Amino acid sequence: MKTLIKLALVAIVANATWHLFVVYSAHYKFKDAVQYAAQSRGKKTDEQLRQEVLGIATQAELPVDEETVKVQRLDQTHTTVDASYTRTVELVPGFTYPWPFTVHVDAYTKVLPDSK
């Protein structure tokens with residue numbers, strides 16, 4: 001009987017670990033894609049970059065609301081992007097938990113001279 005209880009606990013922990021791995025993996029992929037988009041924004045406006053971030057979230061199937069994405073160009077080479085969303089994680093079969101995620105990207109781009 002003790003062995004069955006131990007196996008059940010191991011299964012529950014393994015299940016929770018797997019579900020957390022899946023949502024965190026998607027989160028870090030999203031954050032990396034947003035970082036790349038911000039670093040390579042070129043002459044895009046804040047709104048164009050914001051729409052690109054929303055497109056990345058849609059492609060990754062993340063529930064990012066339009067209102068939570070904030071893009072700000074602080075100067076010619078410095079951009080910040082902030083976003084947040086909540087994913088539902090099933091930690092134990094039959095028990096879900098709303099897990100909040102935030103993304104803050106602080107990116108610098110290299111200024112290339114205008115070609116003539």
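All figures in this text were calculated on a predicted structure; none of them were measured in a lab.
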>> Would you say the ring centers of Phe101 and Phe30 fall short of 6.0 Å from each other?
In response: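 Aromatic pair excluded; centres sit 6.0 Å or further apart.
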
> Given Ile12 and Asn15, is the side chain to side chain contact (heavy atoms under 4.5 Å, CB included) satisfied, shown in steps?
Replying inline: CA-CA 5 Å; Ile12 289 170; Asn15 180 61; 5.7 Å; no

>> With a 4.5 Å cut-off on side-chain heavy-atom distances among I, L, V, M, F, W and Y, is there a chain of contacts connecting Leu20 to Tyr97?
In response: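 Yes, same cluster.
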
> With hydrophobic residues grouped by side-chain heavy-atom distances under 4.5 Å, do Tyr28 and Tyr36 end up in a single group?
Replying inline: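 In one cluster: no.
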
> Can you name the nearest heavy-atom pair linking Lys31 to Val105, along with the distance?
Replying inline: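 Here Lys31 and Val105 meet closest at O-CG2, 4.2 Å.
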
>> Which heavy atom of Ser84 sits nearest to which heavy atom of Val64, and what is that distance?
In response: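 Residues Ser84 and Val64, closest heavy atoms: O-CG1, 4.3 Å.
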
Side-chain contact, heavy-atom cut-off 4.5 Å: [X] with [Y]?
X	Y	result
Thr45	Gln48	yes
Gln72	Thr79	no
Arg73	His78	no
Val103	His27	yes

>> Please evaluate residues Val53 and Val81 with respect to the criterion side chain to side chain contact (heavy atoms under 4.5 Å, CB included), reporting the C-alpha separation (whole Å), side-chain torsions for both, the decisive distance (0.1 Å), and the verdict.
In response: CA-CA 9 Å; Val53 169; Val81 179; 4.1 Å; yes

> How long is the span from the CD atom in Glu52 to the CD atom in Gln59, to the nearest 0.5 Å?
Replying inline: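 The CD atom of Gln59 is 10.5 Å from CD of Glu52, to the nearest 0.5 Å.
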
> Rounded to the nearest 0.5 Å, how far does OH of Tyr85 lie from OG1 of Thr68?
Replying inline: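 Thr68 OG1 to Tyr85 OH: 10.0 Å, rounded to 0.5 Å.
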
Using only heavy-atom distances, determine whether the side chains of [X] and [Y] contain a donor-acceptor pair under 3.5 Å.
X	Y	result
Trp99	Tyr24	yes
Arg41	Thr109	no
Glu47	Gln51	yes
Asp75	Thr77	yes

> Checking side chain to side chain contact (heavy atoms under 4.5 Å, CB included) for the pair Gln35/Gln39: CA distance, chi angles, key distance, verdict?
Replying inline: CA-CA 6 Å; Gln35 178 81 33; Gln39 286 175 334; 3.1 Å; yes

> Passes side chain to side chain contact (heavy atoms under 4.5 Å, CB included), Glu66 versus Leu54? Steps please.
Replying inline: CA-CA 7 Å; Glu66 227 175 284; Leu54 288 168; 3.2 Å; yes

> Only one of Val34, Val69, Val71 forms a side chain to side chain contact (heavy atoms under 4.5 Å, CB included) with Leu49, so which one is it?
Replying inline: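 Testing each of Val34, Val69, Val71 against Leu49, the sole residue satisfying side chain to side chain contact (heavy atoms under 4.5 Å, CB included) is Val71.
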
